[in-house]
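As structure tokens, the structure follows; a few thoughts come after it.
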Protein chains: 2
Amino acid sequence: MLRVSKLTDYATEVMAALAAAPARVHSAQELTERVRLELPTVSKLLKQLASAGLIESFRGVNGGYRLARAPERISIADIVIAMEGPIGMTECSAQAGSCDHESHCGVRVNWQRINQAIAGALAGVSLADMIKPSPRRRAASIPLRVVGA
Amino acid sequence: MLRVSKLTDYATEVMAALAAAPARVHSAQELTERVRLELPTVSKLLKQLASAGLIESFRGVNGGYRLARAPERISIADIVIAMEGPIGMTECSAQAGSCDHESHCGVRVNWQRINQAIAGALAGVSLADMIKPSPRRRAASIPLRVVGA
DNA sequence: CCTAAAGTGTACCAAATCGGTACTGATTAG
DNA sequence: CTAATCAGTACCGATTTGGTACACTTTAGG
């Protein structure tokens, strides 16, 4: 199945939890209780999200994490990229030289277009969208139809 | 990196090779030479593509494989699904009951929307599109818009 | 019929990835 | 100075992935 890693999945849950109270600083411990995961796991992904600049960290007593931007300005693409690196559906479509088929592979360029389509789909959903219970509203703005079918 | 498996990648190359001469029957051996992979590997994915109904197989001497439909009527989504199963970016968004967070996870429904957007992006590119050298033409209709970054 | 060309099915193995854990260090409020 | 809390590193086990091996079936053609 084409899917993101569990860590990425968890990351969206944690980000959603942070987005529920964007102004407050949440400790890793508190977030752990919200998403029902082990502390080291939550800790690890929080660190990753922080180094990607999606959340701010505060050390020391009463420290914790807080969204770096408004939930409307953080997209699922941001989270996926923070956790898994650049979106590239195939090795060679992400960086050149990584695949020795390049010379005779006619589909590479087209995979790059697909990457962009998928990045667009992920970028079109914000964290604010994710915490809305109803899939109505901005849902319609997700680009669905692409080319042919 | 969010990506499809190598086998899926190879499968698109093999399908592209088949699409280059849709009427002819190609042996696995011949396709192996085109995509520069090992025969058992090509053989394995051809079998999988055949059982998904994307290609037809012919046994015996002068046997081989042929596209089951016109290249315009086979999408990248078809190939990805044939190789990796249903598109579901998270465990729980594909089938219910597979995740014990369901009760307190507010983002599940929204992942389902994202799945559909991605499936749409993949369904929108046909095999015929993939073998076109120029990324021009209908390319412009792929939604590109990005939110934050 | 017999043989060779070709696909089918099953099983298996090594390497990479992934998810998780442990432990130690650094920072800061009180 | 102490406790709370984030940061960094290292490691481990399980799963997945990619690849290989081998025995079986089907079919065209002599």
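In what follows, chains are A, B, ... by sequence order, proteins preceding strands, each numbered from 1.
Here the P atom of nucleotide D/dG18 and the CD atom of B/Glu13 are 13 Å apart, to the nearest Å. Rounded to whole angstrom, the span from the CZ atom of A/Arg3 across to the C1' atom of D/dT15 amounts to 10 Å. Remark: P of D/dC6 and CG of A/Leu31 are 9 Å apart, rounded to the nearest angstrom. Atom CG in A/Leu45 sits roughly 12 Å away from atom P in D/dA7 (whole-Å rounding). A straight line from OH of A/Tyr65 to P of D/dC6 spans 5 Å, rounded to a whole angstrom. Between B/Phe58 atom CZ and C/dG7 atom C1' the separation is 12 Å, expressed in whole Å. Following rounding to the nearest Å, B/Gln48 (CD) and D/dT17 (C1') show an atom-to-atom distance of 12 Å. In this structure, CG of B/Leu39 is placed 12 Å from C1' of C/dA5, rounded to the nearest angstrom.
For the residue pair B/Ile76 and B/Met130, the shortest heavy atom distance occurs at CD1-CG, 3.4 Å. Scanning both residues, B/Leu45 and B/Ala11, for their nearest heavy atoms gives CD1-CA, 3.9 Å. A pairwise comparison of heavy atoms in A/Thr41 and A/Leu7 identifies CG2-CD1, 4.0 Å as the closest pair.
Ion pairing between B/Arg113 and A/Asp129 fails under the 4.0 Å rule for side-chain N and carboxylate O.
Considering only side-chain atoms of B/Leu7, the nucleotide from C/dG19, C/dG30, D/dG18 that sits closest is D/dG18.
Here salt bridge (charged side-chain N to carboxylate O under 4.0 Å, His left out) pairs that include residues 49-67 of chain B, with residues two or more places apart or in two chains, are B/Glu56-B/Arg66.
For A/Ser27 and D/dA4, the shortest distance from a side-chain N or O to OP1 or OP2 is not below 4.0 Å. Taking side-chain N and O atoms only, A/Ser5 has no distance below 4.0 Å to OP1 or OP2 of C/dT17. For D/dA7, the OP1/OP2 oxygens have a side-chain nitrogen or oxygen of A/Ser57 closer than 4.0 Å. Side-chain N/O atoms of A/Tyr10 include none lying less than 4.0 angstrom from OP1 or OP2 on C/dC18.
More than 12 heavy atoms of other residues, nucleotides or ligands sit less than 6.0 Å from atom CZ of B/Arg24. Applying the 6.0 Å contact sphere to CD of B/Glu30 captures more than 12 heavy atoms from other residues, nucleotides or ligands.
In this model, a side-chain donor or acceptor of B/Lys47 finds a partner on the base of C/dG9 within 3.5 Å.
For A/Thr41 and B/Gly64, each mapped to the nucleotide of DNA chain C holding its nearest heavy atom, the one lying further toward the 5' end belongs to B/Gly64. Nearest-nucleotide positions on DNA chain D for A/Lys44 and A/Val61 put A/Val61 closer to the 5' end.
B/Asp9 contributes no side-chain N or O that, together with a main-chain N or O of B/Lys6, makes up a donor-acceptor pair within less than 3.5 Å.
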Contacts under 3.5 Å, N or O only, protein and nucleotides 23-25 of chain D:
{"from": "D/dT25", "atom 1": "O2", "to": "B/Arg59", "atom 2": "NH2", "distance (Å)": "2.8"}

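Across all strands, B/Gly60 comes closer than 4.0 Å to base atoms (heavy-atom distances). B/Ala28 comes within 4.0 angstrom of the backbone, heavy atoms only, and of no base.
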